[in-house]
Structures are given as structure tokens and as C-alpha cells.
Amino acid sequence: MQTQVLIIGGGVTGTGLARDLALRGVHCVVAEMGDINAGASGGNHGLLHSGGRYVSSDPHSAAECREESDILRRLAPQCIEDTGGFFVAVKGDDESYIADFPLACANAGVPCEPVDLAQAHEMEPHLSPDAIAVYAVHDASVDPFRLSLENLTQARDLGSIYMRRHRAVRFDIEDGKVRSVLFRHVRTGKEVLVEPEIVVSAAGAWCGEIAALAGAHIPLRYSKGTLLVTHERLSHRVINRLRPPGNGDILVPGGTVSVLGTTSVRLDTLDEIRPSMAEVDENIEEGQGMMPLLGSTRYIRAYAGVRPLIESGGESSDRNASRGFQIFDHARSGITNFMTVAGGKLTTYRLMAEKTADVVCEHLGVDAPCLTRTEALPSTRRCQWTEPGLTPKEWLTAHAHGDELLCECEMVPKSTVDTIVSSCQEYASEPALRAIGLRSRVGKGACQGAFCGIRVGSYLYDEGVFQSETGLQRMREFFGERFKGQRSVLWGTQLAQAELAEAVHCGLMGLDNFEDRGGTS
């Protein structure tokens, strides 16, 4: 396979870069070892930053966040719920930090307005009665999965290629240039050789591993953050603790739920990325300081992502590390057509892609302007099903006879699954349940896929998508992935939910004894 640009990494930066380059007429191949947003792009709050969080520690990043959030609100409104946000200080918080906050916001160009305490409690009833100061900022909630899917869809419509579940295993370098990169399918072992003019690594925390394949080095440190998903939505706005960034100090509403986080735990390797019970407890303990309800609410899931922080040698704390990004040109390592884009945030992904595309086009001799700053991100039906509440609204408004619900928690019908399977089959002959779950609300409700996983799997057997034992293998994978997110929040109602799921999956179906023999998806 030949291409102008090979992009390694299918997160929001990689897919954003593919769209930017495709709009400039550059052909790309996007290769991802998992699936869309398998790394930090899928393991975050879903917060579109106003910049307020960084006005004191990193004013440059704060200004970038403010500018980019304005652009995304204008050009990708289908991916954003413009909630607004509060920064809330409570008794015992650093009063000098509180007093300096408005000036720090002004210096970074981040809009910030004080809110009367009585009015703030009326607007957000679950705020702590110990609140002593509240400021309103322009935070919002963003759907990172739809954002990446929309970017990738337009890139593919313009001729780019997406290679899902392909891991880079070898760089072939000759005369200081990458001549080819060998990829191996993570399930089947089938190999694909890609011959690019330029290689760009946008692999997030895995950038170091990709660079090492070419004998280059990226100075990264890994900071794991654990987040929790509540059973229901607890606030209208994003709620931030008005203090230096710490654990459990942001609550982000997203559709029908809220996301609480996050921790910061240094990792030495990327072998084990999962939430721990200690981190869950820490988030809840800290979070209830700004919203006491967080100490007693039901949590249906926890998940973890890894921040790829660029080492600068000056910070002792990962919390104080810059959230800026950097483009590494590996010509210094003797490779003239290989570069890495690392660092940054979800909010600044478009800017990261623009600056990287500028460098790529300079290498290629392509004289074409960036269009993602001015052209709207197209909204396509293939990508809309990650939106919370969409399928219930559409199904209740009008649905065909026999269009049964396969996921009752999130009200996902057969027709939606058909649409997703059809789009997935463009690059996967037999879409797995996990792929369907990434592109819809299947498995996102209170039962965490316990019942809809069986229904969707059975339906795919009926439709001939699954054959032989493959469907059982895909169901087992799906249930295992959903349980990984539940194991650290198993108390109260969610524990009873998990025990029921275990009885069905193991006692009735015997999936715990089922041997996975591989497959093709």
C-alpha cells in the first residue's frame, strides 16, 4: 500500500490530522492498533476547556484552549453541549488563589464572571453549602468519539484509508528515510506493508514506542487519570473546584450522566491501564467537597486514560507539567521523513493537527491552506449514534414496525445497529460488539451491556453477520471490557447489577469457560 502520509494513531489528533490533510488534497493512511479513541482521546472527561483550569499554572495553554473551544463551538456544534461552567471555592480553600483567579483569567483572555452565591445554588442545587465563591466560565461538554468519527469520515470520503486493529511492528529505513512500515493485524496476524512519503506518529502515550521502532526518542512521562461515570446527570454545568488542579475536582455533565475525575498517577509502563479502587475512593472523597451528593450517588463505571506529558526537566509534579504540544522532527535522529506530534489536550486537537499538517505540507511541497479553521465539520448519520438521548427521541417519534429495541437502557433499536454494522463493514468484514459499542450507546447504560450484549449478538447471528463460535467470542470480549470498568465501583446497586450479569453470562451461557480461538474482526 502506497500513500503520501502515514498517520499512526486513530485518536482525535490523528483523525483530525487526516481530515486537515485530506482537505488540502493529501492522501493519508490512518493506522490504529485498537479502534477509534483507544487511548487518551477516549479516556478523558469529555470537557471542552474554557482555559480556566490553566490560567495560573499554564497561561499559554489556557489561551489556546479558549481560542480553540470557540472555533469548535462554531464549526462542530453537533459534537458539543454548550453547558457553561462554574469554578467553585469552599471553606478551607486557598483564599489567595481564589482572589487571584479573576486577574489570572483576564491575563489569559479567558472570560470569567462572579456569580452571587444564592443565585449559584439556585442554578446548581447540589453545590456545597460551604461554597464561598463561584465564578462562571465558558466550559462545555464534548463527545470525543463523535468528534473523531466525524473527522475520520470526512477524511475517508476524500480518499483516505483507515486501518483498524493494526500494530506497527517494523520501520524499514534506508538512506535516512522511512521506506516502509510493516503492520500486523492484532487478531489475525496478517501483515500489511505501507510505503509512505512521510510518517507522522500521533499515537499519544505510545509515541515513545513508535519512535523507538525508528531508533528515535521522545521525552515523555505517563500520567494516568481515573474517572467515574454516575448513573444520572447531577449538574447542568461543568463544576470545577476553584483551587490548584488536584484529584476529583471536575464534574462534567454529558447527556444523561456526569463524569467525575480525575487522578494523576505516574506510570512507568503502559502495560496496565485501568482504574483502581484507591483512585475511585480519592475522587469521591475530594469531589464531595464541592458537591456532597457525590458521596452517596450511584456510579456505573470507572475508566482510565494516560496523559502523554512532554518532559521539560523543570516540573516535579505531573499536575504542573505543561499541557502544550510539540512537533518533533526526527531529522535530528537521522530520519528526514518521520515526525511526532505529542502532548496537548482534546480541546486543542484541531490546532495540533493544523500545525502538524503545515509541517507535512512543507515537506511534500504542497501549497494549500488549512481549511479546518473556517470550514464546518460535516455531520453525518453514520457518526451521530454516540449522542446520548438521540436514539430514544428518534425511536419514540417514529419507528418502523418490527424495529425492536436491542438496548433498553439507552433505547437503541435494530435499525441503528444495522446502520453502524454497515458503516463498519467498509473496513471490517465482521464488526465486533466492541466496535458497535464505540459507535453507539450500546452498553453505556446502567446494566453496562449485560443484556443488550446478548440481544445484539443474537441479532447479528440472525442477520448472518456472526457465524459459528465467533459471536460468542465477540460477546465474551465485550462483556470483559465492560466489566473492567465496573470492578472498582462494585458496591450497592451496581454490585447487585454485576451479580445478575455474572449469573446470566457464566451460569446460563458458560462464557467464563469459553475458549477464545481468535477471529477476523
Side-chain angles (χ1 to χ4, degrees), residues 43-46 90 124-130 141 224-236 238-239 241 246-263 265 273-305 388-389 392 407-412 437 441-455 478-509 511-512:
N44 55 67
H45 271 109
V90 301
E124 294 293 349
H126 297 306
L127 287 182
S128 171
D130 292 332
S141 169
K224 184 185 71 165
T226 285
L227 306 101
L228 290 82
V229 183
T230 63
H231 179 249
E232 56 194 349
R233 184 167 175 149
L234 303 181
S235 66
H236 300 289
V238 176
I239 308 297
R241 186 76 171 267
N247 296 336
D249 59 358
I250 306 179
L251 184 74
V252 180
T256 56
V257 302
S258 294
V259 178
L260 172 66
T262 175
T263 56
V265 177
I273 304 171
R274 63 175 61 199
S276 71
M277 292 182 182
E279 289 175 280
V280 166
D281 290 344
E282 180 75 11
N283 273 328
I284 295 172
E285 179 68 26
E286 293 292 333
Q288 64 186 348
M290 61 184 184
M291 291 186 68
L293 180 67
L294 292 169
S296 58
T297 195
R298 176 183 177 185
Y299 297 92
I300 61 174
R301 185 172 185 80
Y303 60 95
C407 173
E408 292 184 349
C409 291
E410 297 287 331
M411 295 184 69
V412 181
R441 300 296 300 171
V442 168
K444 304 297 197 306
C447 84
Q448 287 291 288
F451 304 111
C452 61
I454 298 173
R455 293 194 190 103
F478 178 72
F479 296 141
E481 180 66 21
R482 301 318 293 172
F483 180 72
K484 184 174 77 171
Q486 294 183 73
R487 65 197 312 169
S488 54
V489 295
L490 290 181
W491 66 81
T493 308
Q494 203 59 28
L495 176 59
Q497 180 76 64
E499 288 177 335
L500 175 59
E502 181 185 28
V504 174
H505 299 160
C506 302
L508 177 63
M509 302 182 67
L511 289 179
D512 55 330

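Note that these values count all heavy atoms, side chains included, but never hydrogens, waters or copies made by symmetry.
- Contact between V90 and R241 at its shortest, heavy atoms only, is CG2-NH2, 3.2 Å.
- When atom types are taken as modelled, the side chain of H505 and the backbone of A450 share a donor-acceptor pair closer than 3.5 angstrom.
- Without hydrogens or angle criteria, D249 side chain to T262 main chain gives no donor-acceptor distance under 3.5 Å.
- Of the possible polar contacts, none joining the T263 side chain to the V265 backbone as a donor-acceptor pair under 3.5 Å is found.
- Looking at S141, its side chain does come within 3.5 Å of a backbone N or O of P253 through a donor-acceptor pair.
- For R482 (side chain) and G443 (main-chain N/O), a donor-acceptor pair under 3.5 Å exists by modelled atom type.
- Residues M509 and I454 meet the side-chain proximity criterion, which asks for heavy atoms closer than 4.5 Å.
- The distance from atom CZ of F483 to atom CG of L490, rounded to the nearest 0.5 Å, is 5.5 Å.
- Annotation: side chain of Y303 is in contact with side chain of V259 (closest heavy-atom distance under 4.5 Å).
- E286 CD: more than 12 foreign heavy atoms inside a 6.0 Å radius.
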*Trace of the side chain to side chain contact (heavy atoms under 4.5 Å, CB included) decision for L251 with V238*: CA-CA 6 Å; L251 184 74; V238 176; over 6 Å; no

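- Counting all heavy atoms, side chain and backbone alike, G261 lies closest to H45 at N-NE2, 3.3 Å.
- Of the possible polar contacts, one joining the Y299 side chain to the L294 backbone as a donor-acceptor pair under 3.5 Å is found.
- Remark: R274 pairs with E272 by the salt bridge (Lys or Arg N to Asp or Glu O under 4.0 Å) rule, at least two apart or across chains.
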_Test side chain to side chain contact (heavy atoms under 4.5 Å, CB included) applied to E408 and M411, step by step_ = CA-CA 5 Å; E408 292 184 349; M411 295 184 69; over 6 Å; no

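- Side-chain contact between P388 and R441 is present, with at least one heavy-atom pair separated by less than 4.5 Å.
- A heavy-atom distance below 4.5 Å is not found between the side chains of V504 and F479.
- Here the straight-line distance linking atom CD of E282 with atom CD of E285 works out to 7.5 Å at 0.5 Å rounding.
- Between L227 and L260 the shortest side-chain heavy-atom distance does not fall below 4.5 Å.
- For S258 (side chain) and R233 (main-chain N/O), no donor-acceptor pair under 3.5 Å exists by modelled atom type.
- When all heavy atoms of V252 and I250 are compared, the closest pair comes out as CG2-CG2, 3.6 Å.
- In this structure the side chain of L228 reaches within 4.5 angstrom of the side chain of V280, judged on heavy atoms.
- Ion pairing between a basic and an acidic side chain is recognised when a charged N comes within 4.0 Å of a carboxylate O; E232 and R298 show no such pairing.
- You'll find the side chain of C447 stays beyond 4.5 Å of the side chain of C407, heavy atoms only.
- In this view, H231 satisfies the ring-ring contact (aromatic ring centres under 6.0 Å, His included) rule with no residue, not counting sequence neighbours.
- In the model, Q448 has a side-chain atom that pairs as donor or acceptor with a side-chain atom of R301 under 3.5 Å.
- We find the CE-OG1 distance between M291 and T297 to be 9.0 Å, quoted to the nearest 0.5 Å.
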_Between I239 and M290, is the side chain to side chain contact (heavy atoms under 4.5 Å, CB included) condition met? List the steps._
CA-CA 8 Å; I239 308 297; M290 61 184 184; 4.0 Å; yes

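- Side chain of E124 to backbone of H236: a donor-acceptor contact under 3.5 angstrom is found.
- Distance alone, capped at 3.5 Å, places no donor-acceptor pair between the Q497 side chain and the I300 backbone.
- Here the closest non-hydrogen pair linking G445 and C409 is CA-CB, 3.8 Å.
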